[in-house]
Number of protein chains: 2
Amino acid sequence: MDLDEVLKVLKARGLNLTPQRQEILRALLEGPPHQTAAEILQRVRRRFPSVSFDTVYRNLHLLQSLNLVSRTHFADGDTRYELCAGPEHHHHALCLGCGKAVDAAFCPMPYFRGLPDEEFTVTGHSFKLFGYCGNCRRGRGE
Amino acid sequence: MDLDEVLKVLKARGLNLTPQRQEILRALLEGPPHQTAAEILQRVRRRFPSVSFDTVYRNLHLLQSLNLVSRTHFADGDTRYELCAGPEHHHHALCLGCGKAVDAAFCPMPYFRGLPDEEFTVTGHSFKLFGYCGNCRRGRGE
DNA sequence: CTCCTGAATCGGAATGGTTCCAGTTTAGTA
DNA sequence: TACTAAACTGGAACCATTCCGATTCAGGAG
Ligand SMILES: [Mn+2]
Ligand SMILES: [Mn+2]
Ligand SMILES: [Zn+2]
Ligand SMILES: [Zn+2]
């Protein structure tokens, strides 16, 4: 997943390549994974000090609608964003001690066989694991 | 799951059985499943018009900590609560059209075999399905 | 029954992440 | 270079939830 690749998608949709928009993408590419909107804003403001929250959110929403960014609600309540390549997806294991997230390879959907007696068309799903990472487990009993 | 049963648990913990607390439980028992905090408050105020949001939230938190109430973040963003009997749990299919939730029997955890290469102790999980119920599917294409 | 005390409640203010908005700037095009 | 739709800005608005100081009350001791 590289910057030019993303820009190509945006251009294909006739979207303007503003400097702010590109800087938000750079923040997602070069910063740590799973950043909050505020963290992304802070990073973007290094180069463009006047960027507003509205701009960050507007672009994150846009990128989500293009399946270029995914949003996850973490354990501590805050919402974090990360780049994702197209329709692919992954899930997370969230540490209740330090709040960090680990990407998890497991996806439950292959095991799902449809709702037994309800008429319902499934278009998406969400799966999360909660627990304690090695560090935090040692910091507590056991 | 009946009122006296819950009250027994509370008493066992030395918690006061205030009228407001009992009325919140009645709202959960007698009202529709998956109510928001505001809906619960509205129902409780029929009998106790001066109950505050603080009281509703405080009690919902308390009941969660006792595994008597579970909280779910629904598709439209609002948070809904329901009674649950002890450590048992279930998951939900959420309609993106009307916002309604259907309880789902499927739980993915029996199929989960641990994180491949990460040291992580799993203590909980979350699973949700998104899609369209029969009604809303008809109201759209297909 | 009355008294006492920690638990619980109340009303209203504060919080914080997100969204809205009116006015201004700008990317892309001809 | 001029035009226009798209995008940006700054700050206000929103709204579910939390916080807080003052007040009331449930349950137990005497
Ligand atoms: Mn991830
Ligand atoms: Mn349910
Ligand atoms: Zn999946
Ligand atoms: Zn489960």
Side-chain angles (χ1 to χ4, degrees), chain A residues 6-27 34-66 68-81 99, chain B residues 6-27 34-66 68-81 99:
Chain A
V6 178
L7 296 183
K8 200 170 295 178
V9 175
L10 297 180
K11 187 163 284 182
R13 305 272 179 148
L15 297 162
N16 287 357
L17 301 184
T18 67
Q20 295 92 336
R21 181 162 287 166
Q22 295 180 54
E23 193 61 24
I24 288 170
L25 284 167
R26 244 190 301 278
H34 311 138
Q35 296 178 83
T36 63
E39 287 165 356
I40 292 165
L41 176 65
Q42 188 177 6
R43 192 169 281 265
V44 169
R45 278 185 171 164
R46 292 180 191 172
R47 211 177 307 229
F48 298 96
S50 67
V51 169
S52 66
F53 268 107
D54 200 30
T55 294
V56 170
Y57 281 112
R58 182 170 2 88
N59 279 289
L60 287 174
H61 290 331
L62 173 74
L63 294 167
Q64 280 177 82
S65 76
L66 300 174
L68 293 171
V69 158
S70 73
R71 176 179 55 185
T72 306
H73 296 286
F74 273 37
D76 47 21
D78 55 27
T79 304
R80 292 174 176 276
Y81 300 84
Chain B
V6 178
L7 296 184
K8 200 169 296 179
V9 175
L10 297 180
K11 185 162 285 182
R13 304 272 178 148
L15 297 161
N16 288 356
L17 302 185
T18 68
Q20 296 93 336
R21 183 162 286 166
Q22 295 180 54
E23 194 60 26
I24 289 169
L25 285 167
R26 245 191 300 279
H34 310 140
Q35 296 177 79
T36 64
E39 287 165 355
I40 293 166
L41 177 65
Q42 189 176 6
R43 191 169 281 264
V44 168
R45 279 185 171 165
R46 292 180 190 170
R47 212 178 307 231
F48 298 97
S50 67
V51 169
S52 66
F53 268 107
D54 197 37
T55 294
V56 170
Y57 281 112
R58 182 171 2 87
N59 278 288
L60 288 175
H61 290 331
L62 174 73
L63 294 167
Q64 281 178 80
S65 75
L66 300 173
L68 293 170
V69 157
S70 73
R71 176 179 54 187
T72 307
H73 296 287
F74 274 36
D76 46 22
D78 55 27
T79 303
R80 291 175 176 275
Y81 300 84

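Throughout, protein chains are lettered first and strands after them, A, B, ... in sequence-line order, and every chain is numbered starting at 1. These numbers come from the heavy atoms of this one structure, side chains and all, not from hydrogens, waters or symmetry mates.
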Quick check for you: among [options], whose closest atom lies nearest to any side-chain atom of [X]?
| X | options | answer |
| --- | --- | --- |
| A:N16 | D:dT9, D:dC20, D:dA6 | D:dA6 |
| A:L17 | C:dA8, C:dC20, C:dG28 | C:dG28 |
| A:T55 | D:dC8, D:dG10, C:dT19 | D:dC8 |
| A:T18 | C:dC21, D:dC8, C:dC10 | D:dC8 |

*How would you label the contact of A:P49 with the nucleic acid (heavy atoms, under 4.0 Å): base, sugar-phosphate, or nothing?*
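Since no nucleic acid heavy atom lies under 4.0 Å of A:P49, the category is nothing.
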*Select base, sugar-phosphate, or nothing to describe what A:T79 touches, counting heavy atoms under 4.0 Å on all strands.*
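It contacts sugar-phosphate atoms only.
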Calculate the interatomic distance between [X] atom [atom1] and [N] atom [atom2]; express it in whole Å.
| X | N | atom1 | atom2 | value |
| --- | --- | --- | --- | --- |
| A:H61 | C:dG17 | NE2 | P | 15 Å |
| B:D78 | D:dC14 | CG | P | 19 Å |
| B:D54 | D:dT24 | CG | C1' | 15 Å |
| A:L41 | D:dG10 | CG | P | 11 Å |
| A:Q35 | C:dG17 | CD | C1' | 17 Å |
| A:Q42 | C:dG16 | CD | P | 16 Å |
| A:R13 | C:dG28 | CZ | P | 17 Å |
| B:L15 | C:dG6 | CG | P | 16 Å |

When rounded to the nearest 0.5 angstrom, what distance separates [atom1] in [X] from [atom2] in [Y]?
| X | Y | atom1 | atom2 | answer |
| --- | --- | --- | --- | --- |
| B:R43 | B:I24 | CZ | CD1 | 13.0 Å |
| B:K11 | B:N16 | NZ | CG | 10.5 Å |
| B:R13 | B:L66 | CZ | CG | 5.0 Å |
| B:E39 | B:Y81 | CD | OH | 11.5 Å |
| A:R71 | A:T79 | CZ | OG1 | 6.5 Å |

Less than 4.0 angstrom between a side-chain N/O of [X] and OP1 or OP2 of [N], yes or no?
| X | N | value |
| --- | --- | --- |
| A:R58 | D:dA7 | no |
| A:Q20 | C:dT25 | no |
| B:S52 | C:dG11 | no |

_DNA chain D: 5'-proximal contact among B:F53 and A:N59 (nearest heavy atom)_ =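 Nearest nucleotide further toward 5': that of A:N59.
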*For A:S50 and A:L62, take the nucleotide of DNA chain D holding the closest heavy atom to each; which residue's nucleotide lies nearer the 5' end?*
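Per heavy-atom nearest nucleotide, the more 5' residue is A:L62.
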